[in-house]
Q: 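Structure incoming, see below.
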Amino acid sequence: MNAHSTPLLRVENLSINLPPGFDREFAVENISYDLSAGEILCVVGESGSGKSMTANAIMGLLPDYLKPSGGRILFRGKDLLAMREPELEQERGRSMAMVFQEPLSALNPLMKVRDQIAEVMEVHGEKNAETRDRRVLDLLEYVGLPDPTHLRDAYPFRLSGGQRQRVMIAMALALEPALLIADEPTTALDVTTQAQILDLIRRIQRAKGMGVMFVTHDFGVVADIADRVIVMERGIVVEQGPAADVLNRPKHPYTRRLIAAVPHREDHGAKAAAEGEMLLEVKNLRKTYRSGGGFFSRPRVVNAVNNVSFTLRRGETLGVVGESGSGKSTLGRCLLKLADVDGGQVLFRGNDVVPLSARAFRPLRRHMQMVFQDPFASLNPRQTVGRILTDGPVANGVPYAQAESKARELLDLVGLEISAYDRYPQEFSGGQRQRVGIARALALDPELLVADESVSALDVSVQAQVLELLQNLQKKLNIAIIFITHDLRIAAQICDRIAVMYRGEIVETGPPEQVFDAPQHPYTQGLIAAIPGLEWNPRLAVV
Amino acid sequence: MKRRVRLLAAAAGLLCASMMGTAYAQEVPAKGGTLNMIAQPEPPVLMVGLNTQGPTLYVAGQIYQSLLTYGTDLKPLPSLAKSWTVSSDGLIYTFTLQDNVKWHDGKPFSADDVVFTADKFLRESHPRWRLIATTYVDSITAPAPNQVVFKLKKPFSAFLNAFELSSFPIIPKHLYEGTDYRTNPANQTPIGTGPFKLKEWKRGSYIHLVRNEDYWKPGKPYLDELYFRIIPDSASRAVAFEKGTVDVLRGGDVEGFEVRRLIKLPDVENTTSGWEYYAPLVFMQMNQRSMPFSDKRVRQAIMHAIDRDFIVRNVFFGQGKVATGPIASTTLYYTPDVPAYPFDLPKAKKILADAGIKPSEYNIRLMPLPYGAAWDRMSEYVKQQIEQLGFKVVIQGVDAGGWSQKLADFDFDLTFNFTYQYGDPALGVARHYLSTNVIKGTPYGNNQNYVNPKVDELFALAAGAVSNDVAAKAYSEAQKIIVDEVALGWLYEMQNVTINRKKVKNLVRTGIGLNETMDEVWISK
Amino acid sequence: MTFFKRYARNYGALIGLAILLVVVVLAFAAPLIFPVSPWQSVGDPLLAPSEDPAFPFGTDMLGRDIAAGLAYGARVSLLIGVISTSVAVVIGVSIGALAGFYGGKVDDLLMRFTEFFQTIPAFAMAVVLVAIFSPTIVSITLAIAVVSWPPVARLVRGEFLSLRSREFVQAAIVIGQSGPRIMFTQILPNAISPIIVTASLMVATAILTESSLSFLGLGDRNMMSWGFMIGAARTMLREAWWMSVFPGVAILLTVLAINLIGEGLNDAMNPHLRGRKG
Amino acid sequence: MKTLDFLLQRLAKAILVVLGVVILNFMLIHMAPGDPASVLAGEAGAGDEKFIAQLRAQFGLDQPLYWQLWTYLKGVLTGDLGFSYRNQVPVMTLILDRLPATLLLTGCAFVFSLVLGILLGVIAAYRRGSVADSVVMTSALVFYATPLFWIALMSVLVFSLHLDWLPPFDMESIGANYTGWARVADIAHHLVLPTVTLGLFFTAVYTRLTRASMLEVMALDFVKTARAKGVPKAQVIRRHVLRNAILPVFTFASMQAGQLVGGAVLTETVFAWPGIGRLMFDALLQRDYPVLLGVFLVTAAVVVLVNLIADLLYRFVDPRIEAAS
């Protein structure tokens with residue numbers, strides 16, 4: 001630690017109590033770190049580690065029920081915790097600013113972009129409307145927004161996620177604060193957008209000499225942007241140091257575990273080319289969404305899935321990769337007839353399922369199962385795990401007793417206690433729930449499994465376990481998997497072939513090596529280039 | 001103790017009020033002024049030939065006039081007819097009309113209007129007149145512009161009683177001849193011969209009448225303006241009188257107990273006079289088509305089971321008098337010499353027991369008359385009393401629409417109703433007892449299905465009598481039979497109280513009370 | 001934390017429960033406490049509350065005991081409140097569930113139908129229905145149900161619409177469950193807490209509506225109800241204040257109690273007020 | 001969707017809704033027992049069967065029901081709402097006579113309850129957990145639970161009879177012949193009690209709604225953003241929370257417009273207010289079907305219109321709507 005100059009920000013022995021009823025006493029406990037001007041400090045940790053809490057505590061934006069119970073937060077030598085609200089208001093927005101995770105909800109939906117940015121200046125004493133206006137224009141241009149004169153009069157809902165986040169950054173920069181706190185600012189964004197925003201933050205930080213505190217869960221991002229890193233686990237700082245040290249020479253076991261779990265293509269075990277029989281053939285599949293339309297306007301048409309064709313063999317894993325809006329989820333829903341198909345064929349074991357009615361298709365459903373994204377939303381909170389696992393077989397005519405014994409076997413298979421049978425989903429962690437979700441799909445002995453972003457809501461360490469489980473199960477049961485994900489690293493790690501989707505179409509298909517090393521389509525190339533921490537190999541850190 | 005003092009004070013107040021009333025009556029009438037009254041409920045229409053409900057008559061009585069009116073002794077008095085003669089065989093009635101009478105639109109009034117009214121308009125649209133006309137009238141002619149002659153087919157002792165406003169309002173021929181009376185736009189701008197003209201009717205708020213400058217009585221009326229205000233809530237109506245917003249309360253405008261309070265106010269006088277012609281009489285109607293009411297002993301028992309005095313005292317707050325029979329004690333041909341039914345529960349039970357009737361076997365539907373709170377209280381009381389005999393009683397709540405429908409269709413067990421006597425039993429009383437009047441489809445006949453040929457005969461005899469004595473004897477005999485058989489359960493004679501500020505003079509002069517043309521009313525300054 | 005503990009954190013809700021318990025006990029025990037019919041004249045007319053210790057709440061113009069009326073009135077209020085709400089909930093849930101689950105044309109049709117009912121002023125509609133079908137306890141209950149189901153339908157539709165796209169419902173489709181089965185076993189149990197909260201508030205509204213109808217003279221004339229008592233007392237507002245004040249307070253307290261309970265249930269059931277872990 | 005497009009669609013829908021209401025009510029009302037002809041006959045003093053049959057024919061009541069409905073609908077399309085059996089006036093005249101009074105009363109009650117409700121709700125939310133919050137919310141709960149007619153009676157008792165501050169009934173001093181501002185003042189004086197009585201329940205509703213909505217919005221991310229910008233709390237509430245929070249209150253309020261008319265039935269009866277609520281009640285008791293239908297038709301039309309205006313305003317205030325639909 002640099003003892004010679006006063007750091008921009010110094011957190012000293014900060015503790016924040018949790019109200020009774022939580023699983024631990026402190027949200028953060030006795031944490032200390034420094035942030036100097038001109039450096040980017042990444043705070044990294046899994047969900048519940050307390051990383052966002054410290055960020056909010058600095059800004060004085062903790063919810064009412066959370067109160068710091070000890071320690072100091074010194075900003076340019078002054079203790080923020082001892083400040084009264086009006087003083088704090090003076091500092092907020094002027095000398096320290098914050099960017100949040102959800103760019104849509106972080107902007108007032110009923111206020112134009114220009115007014116929201118101008119407001120920062122207004123409340124901090126800029127009385128001249130013209131000056132404010134000029135500055136807004138400058139800022140919008142500075143953060144790289146197209147056509148600022150036009151865009152400043154737009155409402156937030158008109159902007160894309162990346163544009164909104166740029167507006168947030170512009171707002172934060174309005175008064176050139178000394179400290180910028182970014183709380184997972186890219187988590188809700190697509191990789192390509194994420195790369196741009198990271199780039200922007202880095203550029204601005206360099207130009208303005210700001211101190212940036214960057215909260216994230218993604219080590220790839222850390223590798224891209226951090227000068228220094230602190231790692232948090234359950235409210236405690238377990239390790240801190242320069243980025244190169246922490247990333248490449250982690251000392252604490254927790255850090256090592258986290259880094260080991262970061263997905264990486266090199267893990268891909270060369271698998272024998274799938275030679276199983278043909279299970280699924282998709283030909284020229286189309287799905288369009290129409291919306292709006294009236295007496296004077298034409299309806300808007302979106303080709304969510306456009307002329308998509310591919311094949312899948314037994315025991316094979318096909319990765320479908322794309323950014324949000326690329327149509328990858330719609331494709332998955334179409335295959336399982338959760339959405340109507342507008343054209344093309346889906347041949348399952350040679351029979352086209354598209355023309356089948358819902359009733360006629362129902363008996364076939366047991367062969368094609370799905371693992372969902374959200375481990376919280378995908379399990380009915382009012383049903384026991386046992387009920388969740390037996391509902392499917394029972395609906396397909398299996399006697400309850402048989403379904404029950406099968407369910408218990410499955411619990412064991414996916415690595416859960418048998419006693420989970422009588423418990424409710426709320427009693428389990430996210431990873432355990434996702435195991436239940438997988439068990440539910442397997443209860444019907446499917447031949448095809450569609451996994452739609454099945455691990456993206458999980459913390460890295462859990463993610464790795466679930467991926468491993470899926471791979472093991474596939475080997476054991478010889479199931480075909482369609483693995484839909486936005487994360488190329490994961491796809492590369494577990495898939496036999498990867499299909500890249502862009503605007504409803506498959507623009508490129510091939511084995512991971514080919515897609516990664518010799519991407520053909522410009523979109524794929526961009527996508528690969530945007531992967532965070534591309535240069536960093538986590539496997540080398542933990543050998 | 002407290003209560004007794006209050007009563008005494010009330011009595012004293014009453015005494016004072018009546019004494020002072022006579023003292024002021026000597027004053028010389030003053031011209032000008034506005035009289036504020038209440039029309040309750042709001043009349044649907046002011047065209048009195050189409051609607052003869054109380055409030056309609058009240059307002060329309062100032063606009064329209066009839067040939068005759070009646071004193072508090074029920075003797076005919078001149079109105080639009082200045083004189084009349086009856087032939088000795090009782091078949092020719094000749095009316096001579098007032099001179100210089102004009103309609104409100106300036107057209108002269110003549111005998112043609114009367115003939116049109118009697119022969120065309122009322123014959124079609126007036127339910128009572130059309131019966132009289134069809135049964136008794138042979139021809140109606142106008143031998144001279146100021147003379148009308150009615151020739152009857154057979155004598156009708158009540159004929160001369162049928163010419164007041166509610167029975168025989170005169171309609172302008174020039175506006176109605178050859179039109180559809182009900183949809184005639186003139187219904188909204190009533191044109192009569194009366195002392196006041198309609199200026200404005202703000203529905204839901206008030207009806208405003210102004211002085212008719214061309215009124216045929218020289219120098220009359222005294223008043224400039226009349227307001228009839230619409231105040232649907234009875235408590236509010238009492239407040240309106242108290243605050244001086246209105247000067248007159250008609251019987252029924254406020255609840256009975258409010259009357260008790262209001263007549264004690266200073267500068268206020270009251271009278272029960274002015275209802276002699278109508279003499280409303282309240283009764284229970286028991287459907288005699290089936291058991292238990294088809295048995296006269298049940299009806300008698302029920303009469304004994306109901307404390308009618310209690311009803312008068314506690315439900316109608318003393319504004320009534322227990323009725324002894326079908327004819328009101330204030331009207332012609334009344335006889336007190338009929339069987340009496342004092343309140344006596346044990347006796348009522350004994351009658352039923354002697355008759356071998358088991359009340360618990362019967363479910364009685366009791367249909368209240370939907371006319372307001374007091375009527376509801378009466379139903380509730382009667383229900384309790386009948387239940388004490390052991391009957392099962394269910395109150396069947398209905399609104400005005402449902403009530404008249406069910407009554408007209410004979411779909412009821414027990415209900416309440418009241419009748420106006422219209423000065424003569426032949427007009428207002430007989431209709432409820434004649435077997436010929438058991439007519440489905442109307443709520444105001446012999447809906448209880450009382451049938452006794454002897455009674456039919458007696459009523460016919462009385463109606464056709466040329467001599468008063470013959471009529472009196474027949475009516476008296478009929479009353480005895482009817483009361484013994486409890487054709488209806490007579491409860492009480494309504495005594496409507498008119499309350500007004502003392503400054504309002506000459507308000508109630510005749511037997512039709514406030515429906516009377518107010519051309520003699522004035523306000524002292 | 002158990003459900004009751006969560007509920008008991010809200011003092012208002014506890015007070016509400018206490019008041020309602022008193023009312024319920026009163027309703028059930030009415031024939032025991034007052035063996036004589038509340039319609040029966042039992043004392044002098046118009047006794048003020050302090051005048052005769054036998055009638056702590058006074059008597060009305062026919063000498064009927066106000067206290068007895070209050071007790072029997074509780075029966076009517078609760079009976080009509082609970083039954084009409086149950087009927088309304090059944091109608092509302094069926095329509096809302098179908099509309100929300102099937103969406104599209106079915107939804108359009110059912111929601112248009114619901115709109116018709118919402119466009120007509122509820123109370124005016126209830127008045128017309130009761131008047132037309134003559135006021136009996138059955139017609140009043142049904143009329144109140146008929147005018148109060150639309151909000152339930154909308155609520156349930158909203159819940160179904162949002163739950164339908166939840167992943168666990170998608171999962172139920174994928175494992176081959178049938179539509180009705182999904183509606184009943186997957187979605188409905190998850191929509192039940194807002195329905196219960198709404199229903200509890202509807203009971204309160206139904207009691208108010210019943211009293212308003214009775215006040216207008218459209219109550220069941222064989223049942224002593226609070227609204228009826230106020231309606232009957234209305235003309236004697238100045239002479240006998242106790243005749244309208246006590247039943248008014250009874251309605252106020254009961255409705256208040258049910259509302260407090262509703263709020264307590266809402267607090268206890270609403271998931272985002274619970275401390276969420278994970 | 002373009003605003004004009006939206007307007008046309010909504011208008012078409014509105015007409016459909018009103019038409020549906022008419023048909024629904026027509027069927028309902030004619031299912032009722034109770035015959036207008038016999039009521040009329042009763043009012044005329046008596047009546048034999050022929051007389052009643054004659055009345056029935058006069059008003060087309062002897063026609064089959066579908067034919068009556070058809071005739072009625074044809075009339076409605078040409079602005080003819082039929083003829084009142086009882087008042088012998090075209091229904092339209094009767095309603096137009098009474099509608100202004102009801103619009104005045106319900107309009108005032110609407111504005112009163114909305115303004116006061118939002119104000120109190122905002123205060124309660126802003127001072128959440130304070131004494132002011134408890135007082136506001138407790139009184140809101142009490143008014144929410146008090147029967148409207150009882151408040152009406154009690155307020156007449158207190159403010160008119162005891163204190164003599166306010167007139168207990170009527171819309172204006174009849175016969176006083178005020179003109180100009182004196183008349184406005186007079187009507188305003190008469191308006192106070194009915195407006196407050198009718199409005200209190202809804203005030204309570206809007207207070208609770210506003211508070212809940214405020215708290216919900218206050219928990220949203222953009223409020224945190226505003227605070228992170230250093231915007232003072234009061235300004236955050238005013239500029240960011242309020243606008244977002246009262247939108248749902250407005251929507252709800254516009255949907256409740258019809259319920260005010262229901263309340264007007266009671267209020268108008270107690271305060272002798274010459275509006276359509278009372279007209280409806282009288283028409284109902286007298287089985288004056290055309291009037292009853294007319295009132296429902298007009299009420300539905302007004303409600304639909306209010307909703308339409310609210311939707312348009314909403315589009316104006318919330319830029320997202322146009323894009324979303």
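We name chains A, B, ... by the order of the sequence lines, and we start the count at 1 in each one.
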Q: Please classify the contact of D:L24 with chain C as side chain, backbone, both or neither, using a heavy-atom distance under 4.5 Å.
A: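 For D:L24, the side chain is the part near chain C, not the backbone.
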
Q: Under the rule for ring pair (Phe, Tyr, Trp, His ring centres under 6.0 Å), what residues qualify as partners of D:F149, not counting sequence neighbours?
A: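 Counting only residues at least two positions away or on another chain, D:F149 forms a ring pair (Phe, Tyr, Trp, His ring centres under 6.0 Å) with C:F215.
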
Q: Which atoms of D:V295 are under 4.5 Å from chain C, going by heavy atoms: the side chain, the backbone, both sets, or neither?
A: neither

Q: For D:V21, is it the side chain, the backbone, both or neither that has a heavy atom under 4.5 Å from a heavy atom of chain C?
A: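 Both backbone and side chain of D:V21 come within 4.5 Å of chain C.
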
Q: In terms of heavy-atom proximity below 4.5 Å to chain C, should D:L284 be classed as side chain, backbone, both, or neither?
A: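 For D:L284, side-chain heavy atoms alone lie under 4.5 Å from chain C.
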
Q: Do D:M137 and C:E263 pass the side-chain contact (heavy atoms from CB on, under 4.5 Å) test, and can you show the C-alpha distance, the side-chain angles, and the key distance before you say yes or no?
A: CA-CA 12 Å; D:M137 293 324 286; C:E263 282 188 359; 6.0 Å; no

Q: I want to check something: taking the side chain as every heavy atom from C-beta on, are D:N25 and C:V128 in contact at a cut-off of under 4.5 Å?
A: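 No; the side chains remain at least 4.5 Å from each other.
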
Q: What part of D:T269 gets closer than 4.5 Å to chain C, counting heavy atoms only: side chain, backbone, both or neither?
A: both

Q: I'd like to check the side-chain contact (heavy atoms from CB on, under 4.5 Å) partners of D:A310; sequence neighbours left out, ordered by chain and number.
A: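 Once residues adjacent in sequence are excluded, the partners of D:A310 under the side-chain contact (heavy atoms from CB on, under 4.5 Å) criterion are D:S254.
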
Q: Most heavy-atom pairs under 4.5 angstrom with chain C, which of D:V261, D:V303, D:T146, D:V17?
A: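 Winner by heavy-atom pair count: D:V17.
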
Q: Select, from C:G231, C:S211, C:A204, the one with the greatest count of heavy-atom pairs under 4.5 Å involving chain D.
A: C:S211

Q: At a heavy-atom separation under 4.5 Å, does D:V142 approach chain C through its side chain, its backbone, both, or neither?
A: both

Q: Select, from D:L292, D:L157, D:V302, the one with the greatest count of heavy-atom pairs under 4.5 Å involving chain C.
A: D:L157

Q: Counting only heavy atoms closer than 4.5 Å, note whether D:N307 contacts chain C via side chain, backbone, both or neither.
A: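 Nothing of D:N307, per the 4.5 Å heavy-atom cut-off to chain C.
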
Q: Tell me, for D:Y144 versus chain C, whether the close heavy atoms (under 4.5 Å) come from the side chain, the backbone, both or neither.
A: both

Q: When rounded to the nearest 0.5 angstrom, what distance separates OG in C:S212 from CG in D:L266?
A: 5.0 Å

Q: Is any residue of residues 249-258 of chain C within less than 4.5 Å of chain D by heavy atoms, and which ones?
A: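 Hits under 4.5 Å: C:V249, C:I251, C:L252, C:V255, C:L256.
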
Q: With a 4.5 Å heavy-atom cut-off (strictly below), which parts of residues 112-122 of chain C touch chain D? List them by number.
A: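 Hits under 4.5 Å: C:R112, C:E115, C:F116, C:F117, C:Q118, C:T119, C:I120, C:P121, C:A122.
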
Q: Looking at every heavy atom in both D:W150 and C:I230, which two are closest together, and how far apart are they?
A: CD1-CD1, 3.8 Å

Q: Where is the tightest heavy-atom contact between C:F123 and D:Q259, given as atom of each residue plus distance?
A: N-OE1, 4.3 Å

